[in-house]
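Reading through the structure tokens given below for one structure.
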Amino acid sequence: MFSETDFEKADRENYYGGPLGVEIDGNKTIFRAWSPLATGAYIRIYADGTGSNTIETLPMERHWTGCWQVEILRNLEGFFYVYVFEFEYRYLKSTADIYAVACGVNGDRSAVVDLKKTDPFGWDTVGRPVIESPCDAVIYECHIRDFSIDESSGVKVRYRGKFLGMAEDGLYIGKGTTVGLAHLKELGVTHVQLLPIYDYATVDEAKPWEQQFNWGYDPKNYNCPEGSYSTDAESPSARIFELKTLIMELHKNGIGVIMDVVYNHTYLTENSWFDLTFPGYFYRMREDGYSNGSGVGSEIASERAMVRRYIVDSVKFWANEYKLDGFRFDLMAVLDCDTINEIRSELDKLSPYVMMYGEGWSGGECAIESSRLCYKWNNAAFPQVGLFNDDYRDAIKGATFDAYRRGYVGGNIEFTNIIKRGLAGSVAHPDISGNDEAAWAQQPYQSINYCEAHDNWTMWDKIIISCGDFTDEEKVSADRLSAALVILAQGVPFLHLGEDFLRSKPKKVHGSDLETHEFFEDNSYNSPDFTNSIKWHRKIENTEIFRYYRELVRLRRTSPLFRMRTADEIREKLHFLSTEDIGVILMKLEDESDCFAVAFNPYREAKWVDLPGGMYFVRLSESGKSHEFPMMSNHVSIPPLSAVVFERCEEELSDLREKVSKHTQRFGTRNLM
Ligand code: CA
């Protein structure tokens with residue numbers, strides 16, 4: 001085995017900054033791969049992505065940097081290839097090209113394609129949607145298969161569960177309930193975040209007729225799209241074309257696309273393409289073998305020069321070639337801050353609108369000093385990157401891993417201070433005392449606010465499990481309250497596909513309808529469609545709830561006070577006012593032109609709050625309605641388990657009186673003021 005010293009020497013003496021992968025130059029095809037300690041390298045060329053159809057095996061030549069190269073005097077577009085690297089001590093196995101941008105079925109062989117030919121018609125004319133600040137985004141996390149695999153999606157059978165299924169616009173069910181892409185538009189989200197769309201290992205692409213499912217956190221070929229989402233996994237260009245078609249359709253509708261990237265581990269370790277290319281180099285090692293900071297076996301050594309280059313190149317490739325609008329880094333704390341900062345500065349050169357955020361935690365102890373890694377507590381070292389706000393998530397829903405612990409929306413007022421922190425973008429704020437450790441963000445765009453994602457119980461399932469004594473109506477109220485907390489908080493709101501119509505992940509438990517945690521799946525990474533797919537008729541059943549989410553999104557997007565850009569602005573324009581009940585929160589947002597008072601009541605009974613000076617109308621009631629009348633001031637009642645948004649009326653009192661008198665004429669006498 002190679003040692004740490006070998007790797008340090010390779011970084012020092014063999015750093016290579018030139019092109020890697022395949023280059024087609026007229027009638028020549030050039031292949032380049034970096035592996036400085038290999039004693040020999042060969043390329044094997046095939047006619048197909050699978051089977052024993054070798055055309056030829058050719059030796060490659062070593063450049064002093066450790067880059068191996070072979071130039072073939074033919075245009076090999078449409079052919080497949082692998083490399084074989086020779087090491088003195090090791091049995092020889094072939095590997096795909098880690099720099100390949102296309103591959104055959106199941107990603108076992110790399111493919112030569114002309115990327116220009118994979119662009120759908122009109123690709124060059126459709127640009128990225130523009131947002132001024134990450135705080136303007138509303139992110140919706142979707143899984144390609146979940147989105148359209150169920151019959152209720154209305155998608156053509158051959159496109160169900162595929163990239164093209166999500167690209168179908170204009171679909172509705174029942175009496176005009178939008179589904180699919182049209183649903184995204186109606187909800188008003190600005191970005192979708194797609195669970196892994198790069199090529200992953202554990203779905204057999206050669207058997208599309210079988211029901212198979214995986215989230216996709218098992219990377220195989222980082223720079224190729226996943227084949228099971230394509231209508232033809234055998235064709236290397238079909239998956240590229242179809243993914244680009246989806247991105248173009250979303251862009252046409254003003255929706256950005258964020259890619260979930262998993263540079264913290266690979267599915268295989270010893271037999272991964274990384275290890276077959278340069279054994280050990282791509283992973284952090286301990287004396288007894290591979291380190292496990294990812295929690296799943298292999299921990300990528302992002303700090304090594306050519307590993308860092310690989311990750312930076314890979315993100316840049318996706319951002320450029322696929323016009324992606326953002327990247328979500330899985331277990332980002334396995335990666336070092338320098339790598340993440342380098343990606344940020346490279347993306348800034350491309351477009352400042354490309355978002356970057358990730359999970360500020362790892363899956364175990366990493367093999368380098370934690371102060372160098374992207375942990376949430378270390379965020380000042382990578383301040384331009386967002387982080388999932390797990391404090392806020394847990395305060396809203398209760399503990400993530402303790403099924404029965406209630407959150408604020410279940411009436412647990414122990415969490416009130418953390419909820420206030422979250423509402424204020426988790427930046428330091430003079431109105432909040434105590435819990436200072438939860439004021440972790442320097443700026444609001446760093447805080448990705450959520451209560452539900454693909455991991456753990458859905459919000460609705462968690463409410464059912466933890467709030468068993470609530471009536472059905474109370475459960476719905478608790479869910480609405482969770483939505484208001486996520487969407488009306490400073491920072492960046494993040495929703496999970498179907499959360500807006502009470503998504504549930506039932507397990508297949510025969511003969512049981514008990515609503516305990518055993519009935520619901522909290523880790524559905526390979527669960528069947530029964531558990532994971534979106535049943536779109538659920539939107540018809542919960543249409544009022546969906547409308548509430550939609551109105552919250554609309555309010556946020558139309559009122560800049562709900563998406564302030566900086567911590568200073570938040571400290572100036574957002575204030576918490578005192579309330580009689582310790583769990584009730586009254587938040588005032590005010591600038592030169594607008595003033596909102598937002599009340600949150602986590603109790604199972606109505607509570608009273610005292611609005612600040614002025615006359616108010618209900619901008620958004622607990623059920624998502626806007627009422628210009630009656631106007632109110634001072635002492636107002638907030639329904640149980642709800643959020644109510646009041647907006648101050650800026651008109652002169654005389655105008656108000658006139659309005660009231662007109663209202664009285666129309667609706668009869670009621671005491672309005
Ligand atoms: Ca795959």
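For the numbers below, each heavy atom of this structure counts, side chains included, while hydrogens, waters and symmetry mates do not. Every number for a ligand or one of its atoms is a count from 1 in the order of the listing.
Remark: R109 is positioned above the aromatic ring of Y46, its terminal NZ or CZ atom under 6.0 angstrom from the ring centre and at most 45 degrees off the axis.
Using a cut-off of 3.0 Å, one finds that Y200 contributes an N/O/S atom close to the Ca ion (ligand 1).
Residue E299 is tested with R284, R286, R304 for a salt bridge (Lys or Arg N to Asp or Glu O under 4.0 Å); the sole match is R284.
Within E205, OE2 is the N, O or S atom that lies nearest to the Ca ion (ligand 1). Restricting E226 to its N/O/S atoms, the shortest distance to the Ca ion (ligand 1) is reached by OE1. Within D199, OD1 is the N, O or S atom that lies nearest to the Ca ion (ligand 1).
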Steps toward side chain to side chain contact (heavy atoms under 4.5 Å, CB included) verdict (E226, I144): CA-CA 10 Å; E226 164 59 17; I144 296 290; over 6 Å; no

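Pairing each heavy atom of Y290 with each of G297, the nearest pair is CB-O, 4.0 Å.
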